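Keep in mind that this is a model prediction, so the values were computed, not measured. In listed order, ligands and their atoms are each counted from 1.
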Amino acid sequence: MRSSSSLAIALVLAAFASTASTASAQSPAAPGRLSVRWEELTAADFRDAIARAQGTCLLPFGIMEKHGPHLPLGNDLLNVRYASLNAAQQEFAVVFPEYYFGQIFEARHEPGTVAYSRGLQLQMLQETADEMARNGCKKIIIVNGHGGNTSLLPYFAQSQLELPHDYVVYVQGLARSAPGEPQHKSNRATDQHAGESETSVSMIARPDLVHLDRAPQESGADQARLKLPEGLYTGIWWYARYPNHYAGEGAVASRELGEFETKTWINAIVASIRAVKADQESLRLQNEFYEKSKHPLNTPQ
Ligand SMILES: [Zn+2]
């Protein structure tokens with residue numbers, strides 16, 4: 001695992017290097033302009049930033065795991081932060097620092113994977129959300145950058161109904177495909193982890209870390225080693241299909257596809273920030289629900 005300081009430096013450099021490559025990107029905070037990055041704000045500026053963001057904050061959620069033979073371990077973290085930071089610069093929101101404490105047990109057999117325990121994942125996320133809210137982030141958008149989190153994050157959001165909270169958790173799923181997309185060169189059904197699509201986005205977010213020439217060194221083919229009926233789930237399914245922790249063909253990635261998918265993703269996050277700022281109903285309904293939950297026998301039947 002890289003040290004957090006070198007990772008932070010890498011991310012800062014990435015943001016500087018990459019701003020020119022996406023049409024929607026803006027320059028890093030100029031003097032007098034509030035940064036969208038939590039860790040770059042002074043305490044006084046943080047207070048102003050929360051007000052300007054109307055209490056809306058992003059928690060870009062990455063992971064540390066192998067990404068085929070050609071992409072960096074922090075690929076999802078780097079990409080989700082690139083998309084989130086660009087989106088927050090278009091529609092102001094405060095962006096939480098690097099976060100990668102998610103679900104990745106299925107890659108524990110590969111070097112460099114950091115897989116925290118089940119309980120800690122949920123506790124860390126709850127305490128992070130609590131701390132964000134205590135600092136004024138009453139609307140938290142978790143921006144997911146990792147496919148292995150797609151069950152964890154809705155579960156986390158559902159579990160917010162267990163106890164009263166004075167804030168709302170929203171989950172922004174991966175959203176890179178859209179109509180009008182450039183032609184894909186590989187089979188879209190198996191283009192998943194470190195495949196054409198994801199590698200193309202990495203070529204925009206951190207082109208310096210993409211080793212396209214190494215992509216064919218391992219197979220990302222579906223090995224289909226389990227034969228179970230549709231709708232019957234088991235945790236080893238991913239390893240059964242993709243034991244190299246690589247799904248698809250990264251070698252056919254292109255900047256053209258990357259530009260399109262990155263822009264689509266940024267636009268989706270911008271739209272979510274706007275919708276969340278306008279949303280006054282979720283918190284009101286949550287409060288109504290929490291109140292009623294204290295007296296279920298009084299709920300009209
Ligand atoms: Zn990934």
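Centred on the Zn ion (ligand 1), the NE2 atom of H67 and the OD2 atom of D76 lie at an angle of 90°, reported to 10°.
The cationic group of R225 lies under 6.0 Å from the six-membered ring centre of Y239 and within 45° of the ring axis, placing it in a cation-pi geometry.
Using a 4.0 Å cut-off between charged side-chain N and carboxylate O, K139 and D279 make no salt bridge.
Residue pairs meeting the salt bridge (Lys or Arg N to Asp or Glu O under 4.0 Å) criterion with at least one partner in residues 232-251, sequence neighbours excluded, are D222-R241.
Among the atoms of E198, an N, O or S atom falls under 2.8 Å of the Zn ion (ligand 1). The Zn ion (ligand 1) has no N, O or S atom of H193 inside 2.8 Å of it.
Between T199 and H70, the side chains place a donor N or O and an acceptor N or O closer than 3.5 Å (distance only, hydrogens not considered).
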